[in-house]
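Below is one structure, written out as C-alpha cells; the observations come after it.
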Amino acid sequence: MNFHSNSAAKYLNSSDRAKKVDGSIWFLKQARDSMINSDDVFQNLRTVASNIKNKTLANLDEYLLQFEANAIKNNIKIHWAANNTEFNNIVLKIIKDKQYSKVIKSKSMLTEETGLNHFLEKHAVEIIDSDLGERIIQFRKERPSHIVIPAIHLSREEIGQTFHEKIGSPKGESDPATLTNIARKHLRDKFLNAEVAVTGVNFAVAATGTVVVCTNEGNADLGTSMAKVHIACMGIEKIIPDLDSLGVFTRLLARSATGAPITTYTSHFTRPAPGCEMHVVLLDSMRSSILGDNDHWESLKCIRCAACMNTCPVYRRSGGYSYNYLIPGPIGTILAPSYDINKYDSLPFASTLCGSCSNVCPVKINIHEQIYKWRQTITKQQQNKLKNKLLTKVLVTILSSPKVYNIGSSMLKLVYASNILKLKFLNPWYKQRELPKLPQQSFKQWYKENKK
C-alpha cells in the first residue's frame with residue numbers, strides 16, 4: 001500500500017470529515033503560533049533544546065548508563081529490549097510473575113509501536129487504555145490518526161455510537177460533556193481494579209533516574225497511584241541530561257502541541273511507592289541504527305509534539321491513516337523508511353517540501369531536508385527495478401532523437417483525443433486533477449514560424 005491508495009482516497013471522499021479535521025488541526029496551529037508569538041524566549045529555547053538533544057544523542061551510551069545507575073539506586077528495576085518482541089515479552093513476564101491479569105495504560109506511542117495491547121490480550125491479560133481518545137480508538141480497533149489527539153478523525157456522533165455499542169450509553173447521545181462523563185464512569189472501575197499500570201515516558205532524566213510523564217487528563221497519575229506495579233515504557237532516545245534540561249522541554253512541549261503554556265499534569269516518577277514495584281523498559285528497535293545514519297539521526301530528537309503535523313498541508317488534507325504508519329505526518333515520513341524503506345517508499349514523495357514542518361519543530365529537526373534526502377535514496381534504489389529501467393530507456397530514446405520526439409509529440413494529440421488518459425486506472429495522476437489543455441501550436445512550430 002502506498003500513500004495515494006485506499007485510505008487517502010476514502011478520507012478525501014468524505015468532504016465533511018476532511019473539512020472538520022483540517023479546521024481542528026488548523027485551530028491547534030493557530031493556538032501554537034499565538035502562544036509562541038507572545039513568548040519572547042521561545043525561539044531561544046528551541047536552539048537550547050536542539051543543542052541539548054544533539055549533545056545527548058552524541059553521548060547516548062553514557063547518559064543511558066547514568067540513568068540506569070541512578071534509577072537502580074532509587075529501587076527501580078531496569079530492563080533492556082533490543083526489539084519489539086523482547087519488549088513485549090519483558091512486559092508480559094513482569095505481569096505474569098506477579099500472577100496479575102488487569103492492566104490500566106495511559107497514552108504511549110511506544111506501545112503502539114510494539115503492538116503491546118494485542119500481544120497482552122493474546123496472553124489473557126486485560127489491558128485498558130485510560131486516555132479518552134485512546135479508549136475510543138481501542139473500542140473501534142483502530143490506531144491513532146494523530147499522536148496528540150488520536151481520535152481527531154471521528155465525529156461526536158460516531159463516538160456516541162461507539163459508546164452505545166460498547167458500554168451501553170443512550171443511543172444517539174452526542175453531547176461532548178455527556179460522553180466524557182460516560183467515559184469517566186466507565187473507566188473508574190477499571191482504575192480501581194487494575195493491578196498493573198503501564199505508562200509512556202516523555203522524558204527520562206539521567207542525573208536523577210527519574211521518568212517524566214506529561215498528560216492533560218491525569219490518568220497516568222491515577223493509574224500509577226492505584227496499581228501495585230508501574231511499568232514505564234520508553235525508547236532509548238527519550239533521555240535528557242538533567243532537571244535544568246527538563247525545564248526547557250516542558251516549556252516547549254505543550255506550547256508546540258496545543259498552544260497551552262504547559263501540560264495539566266507533569267508527573268515525576270523517581271521511585272516506587274512503599275509496597276509497590278516500578279519497572280522501566282528501555283527499547284532500542286532500530287534506534288541505534290538510525291543514530292548511526294549521518295543523514296537521518298536527527299529524527300531521534302523528536303519529542304512527539306505533533307507541531308509538524310498540525311502545520312503540514314498534506315497531513316491536514318489527507319488524514320493520519322493515509323500514511324499507513326503508526327506515526328503519521330512529516331515526522332513519520334522520515335522515521336518510517338528507516339524501519340522499512342520498501343514498504344514506505346512513497347511517503348517522502350507525499351510532501352510539498354515547503355519547510356513549514358522544520359520551521360515549527362521545537363527541537364529544530366531538519367525534517368524537510370531529510371524528506372528530500374529520502375527521495376534521493378529511494379530514487380537511486382528504484383533505478384534498479386526493471387520497470388524503471390525500461391521507462392528510463394524509453395525516455396532516453398525519445399528525448400535523444402529529434403525525429404522520435406516529433407513523432408511522440410504528434411501521437412500525444414491522438415492520445416488526448418482518444419481520452420485514454422482519463423482512465424484513472426491507467427493514469428492515477430488524473431484522480432485528483434484535471435488534464436491541462438494542449439496548446440494549439442507547439443513551441444517548435446512557433447519557433448519555425450518566427451525564427452526570422
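Note that the numbering runs from 1 along the sequence shown for the chain.
Remark: the Asn54 side chain and the Lys301 side chain contain an N/O donor-acceptor pair separated by less than 3.5 Å. Side-chain polar atoms of Ser245 and Asp242 form a donor-acceptor pair below 3.5 angstrom. Gln370 and His368 share no donor-acceptor pair across their side chains, judged by distance under 3.5 Å alone. Thr266 and Thr263 share a side-chain donor-acceptor pair at under 3.5 Å. Inspection of the Asn310 and His146 side chains reveals an N or O donor paired with an N or O acceptor under 3.5 Å. Side chains of Ser155 and Glu158: a donor on one and an acceptor on the other come within 3.5 Å. A donor atom on one side chain and an acceptor atom on the other are found under 3.5 Å apart for Asn88 and Thr114. Defined by atom type and a distance below 3.5 Å, a donor-acceptor pair is present between the side-chain atoms of Glu68 and Trp80. Checking Ser106 against Asn219 by side-chain atom types alone, no donor-acceptor pair falls below 3.5 Å. Of the N and O atoms on the side chains of Lys364 and Thr47, at least one donor lies less than 3.5 Å from an acceptor on the other residue. Using modelled atom types, one finds no donor on one side chain facing an acceptor on the other under 3.5 Å when comparing Thr199 with Lys105.
Between atom NZ of residue Lys77 and atom CD1 of residue Ile94 there is a gap of 8.5 Å, rounded to the nearest 0.5 Å. To the nearest 0.5 Å, the span separating NE2 on His296 from CH2 on Trp374 amounts to 4.0 Å. Note that CD1 of Ile36 is 7.5 Å distant from CZ of Arg46, once rounded to the nearest 0.5 Å. Separation of atoms CD (Glu62) and CD1 (Ile239) is listed at 12.5 Å; rounding is to 0.5 Å. If you take CG on Leu300 and CD1 on Ile236, they are separated by 7.5 Å, rounding to the nearest 0.5 Å. Annotation: the span from His164 atom NE2 to Ser169 atom OG amounts to 7.0 Å, rounded to 0.5 Å.
Note: Tyr325 and Tyr344 have perpendicular aromatic rings, judged against thresholds of 30 and 60 degrees for the angle between ring planes.
Ring centroids of Phe119 and His123 are separated by less than 6.0 Å, placing the two rings close together. Aromatic ring centroids of His279 and His230 lie 6.0 Å or more apart.
At a threshold of 4.5 Å between non-hydrogen side-chain atoms, the residues Val213 and His268 do not count as touching. Between Thr333 and Ser351 there is no side-chain heavy-atom pair separated by less than 4.5 Å. In this structure, Met109 and Ile327 have side chains that are in contact, with non-hydrogen atoms separated by less than 4.5 Å. Side chains of Phe269 and Ile76 form no contact here, defined as non-hydrogen atoms less than 4.5 Å apart. Between Val41 and Arg251, some side-chain heavy-atom pair lies under the 4.5 Å cut-off. The shortest side-chain heavy-atom distance between Phe203 and Val211 does not fall under the 4.5 Å cut-off. Using a 4.5 Å heavy-atom cutoff, the side chains of His186 and Arg135 are in contact. Between Asp129 and Asp131, every side-chain heavy-atom pair lies at or beyond the 4.5 Å cut-off.
With respect to the salt-bridge test (charged N to carboxylate O, under 4.0 angstrom), the residues Glu126 and Lys190 qualify.
Residues Pro328 and Ile147 approach most closely at CD-CG2, 4.1 Å, considering heavy atoms.
In this structure, Lys171 forms no cation-pi arrangement with Phe163, as its terminal cationic atom is not both closer than 6.0 Å to the ring centre and no more than 45° off the ring axis.
By the 6.0 Å contact criterion, NZ on Lys102 is open, its count of non-hydrogen atoms from other residues, nucleotides or ligands being 12 or less.
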For this session: Step by step, work out the side chain to side chain donor-acceptor pair (under 3.5 Å) result for Thr210 and Thr270.
Result: CA-CA 4 Å; Thr210 301; Thr270 304; 2.9 Å; yes
Exercise. Is there a salt bridge (charged side-chain N to carboxylate O under 4.0 Å, His left out) between Glu237 and Arg287 once you walk through the steps?
Worked result: CA-CA 8 Å; Glu237 81 282 10; Arg287 288 163 174 80; 2.7 Å; yes
